[in-house]
Number of protein chains: 2
Amino acid sequence: MNKDTIVNRMKEEGLRLTPQRVQIVELLFELSHPTAERIYAAMIEKFPYASQATVYNTLKMLKELGLARELSAGDKSSHYEIAESEHWHFNCRACGEIFDLEANLSEPLLAVGTQRGAFQVDSYQVEFYGLCAKCRV
Amino acid sequence: MNKDTIVNRMKEEGLRLTPQRVQIVELLFELSHPTAERIYAAMIEKFPYASQATVYNTLKMLKELGLARELSAGDKSSHYEIAESEHWHFNCRACGEIFDLEANLSEPLLAVGTQRGAFQVDSYQVEFYGLCAKCRV
DNA sequence: ATAAATGCAAATGCTTTGCATTGCC
DNA sequence: GGCAATGCAAAGCATTTGCATTTAT
């Protein structure tokens, strides 16, 4: 997924390409799993009068189009990421960094999730917590 | 894990066994992955003057002792459960029910989480989202 | 031109905190 | 009796909402 894909999808939906929205999308590519607050902080450097509401509205819109994902694990505040292909996360409790991990095992995992067909799984997430390579002394 | 184990552990820690705390522990066993609000609602039937603060304080205490777990996935409000052996969850988006799933695959999953030893994994969670058997038409 | 998006501020909802009172050990 | 825990209310945060103004199309 790249910026053009997202911009095109927004056009298809008849949504307006405001500079604020474009900037938020760019920041989602630049920053690693940012919170809304983090995005807002970066935003006001270019758009001093930007509002948190715009950040939240845009993130919600991207989520609803399936272009971004909200990560609710751990912190009080959500982290966001561009909806790339399936992957998992490692959350470092020391530095707070979130690392993407390759998702292999998807199939056997889904077999458990669906209870061998009884449940319908729309999505799933795997989150690890601990210390990353740098922070483990 | 049973009630006695928890009560004994609290005694060991020199914590007071107030009737409110005991009741909250019992409710965690009775209810399925309740929220703090759900526990509070059940509590005031026996303790009409109980406060939400007590519920939150007790849940925090149980969490810190490793006796309960907080599930932050999905909803705005956290769900809680007694810290039983490793298992995963299926969250139904229709009825809101959370189902426990057996956690097999732990070892290969942890191999991914630790990045083959580079990271130190303290805990992890697997959450599935979709429709449970009853809610899928 | 016009309807959608922004910015601002107020509101909401969950959770935490401060503090006087209560009650477990 | 002493100190931790409770209940109550207020405060804190993240997020949402209402509405007048701005702006992309």
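Residue numbers begin at 1 in each chain, while the letters A, B, ... track the order of the sequences. Because the structure is a prediction, the values reported are computed rather than measured.
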key: 5' precedence on DNA chain C between P19(B) and K60(B) (nearest-nucleotide basis)   = K60(B)

request  = Classify the nucleic acid contact of S78(A) as base, sugar-phosphate or nothing, counting any heavy atom under 4.0 Å across all strands shown.
outcome  = sugar-phosphate

ask   = If each of E70(B) and L17(B) is mapped to the nucleotide of DNA chain C with the nearest heavy atom, which maps nearer the 5' terminus, i.e. the 5' end?
value = E70(B)

key: Touch class at under 4.0 angstrom, heavy-atom based, for Q52(A) against every strand present   = nothing

task = For this output row, return yes or no: ring centroids of F119(B) and F99(A) closer than 6.0 angstrom.
result = yes

query = Across the strands shown, which category fits E37(A) at heavy-atom distances under 4.0 angstrom: base, sugar-phosphate, nothing?
reply = nothing

query = When the distance from CG of N57(B) to P of dG7(D) is rounded to whole Å, what number comes out?
reply = 10 Å

ask   = Can you tell me how far C1' of dC13(D) sits from NZ of K76(A), to the nearest Å?
value = 9 Å

key: K60(B)/E64(B) ion pair, N-O < 4.0 Å   = no

ask   = When rounded to the nearest 0.5 angstrom, what is the spacing between CZ in R9(A) and CG in L15(A)?
value = 9.0 Å

ask   = Does R16(B) get its side chain close enough to the base of dA5(D), under 3.5 Å, for a donor-acceptor pair?
value = no

query = Nearest-Å distance, CD (E13(A)) to P (dA3(C))?
reply = 20 Å

key: S32(A) and E97(A), any side-chain heavy atoms less than 4.5 Å apart   = yes

request  = Return the 5'-most residue of the pair Y49(B), K11(A) with respect to DNA chain D, ranking by each residue's nearest nucleotide.
outcome  = Y49(B)

key: Given DNA chain D, 5'-ward residue of the pair R21(B) and P48(B), judged by closest heavy atom   = R21(B)

query = Rounded to whole angstrom units, what separation is found between the CD atom of Q23(B) and the C1' atom of dT6(D)?
reply = 15 Å

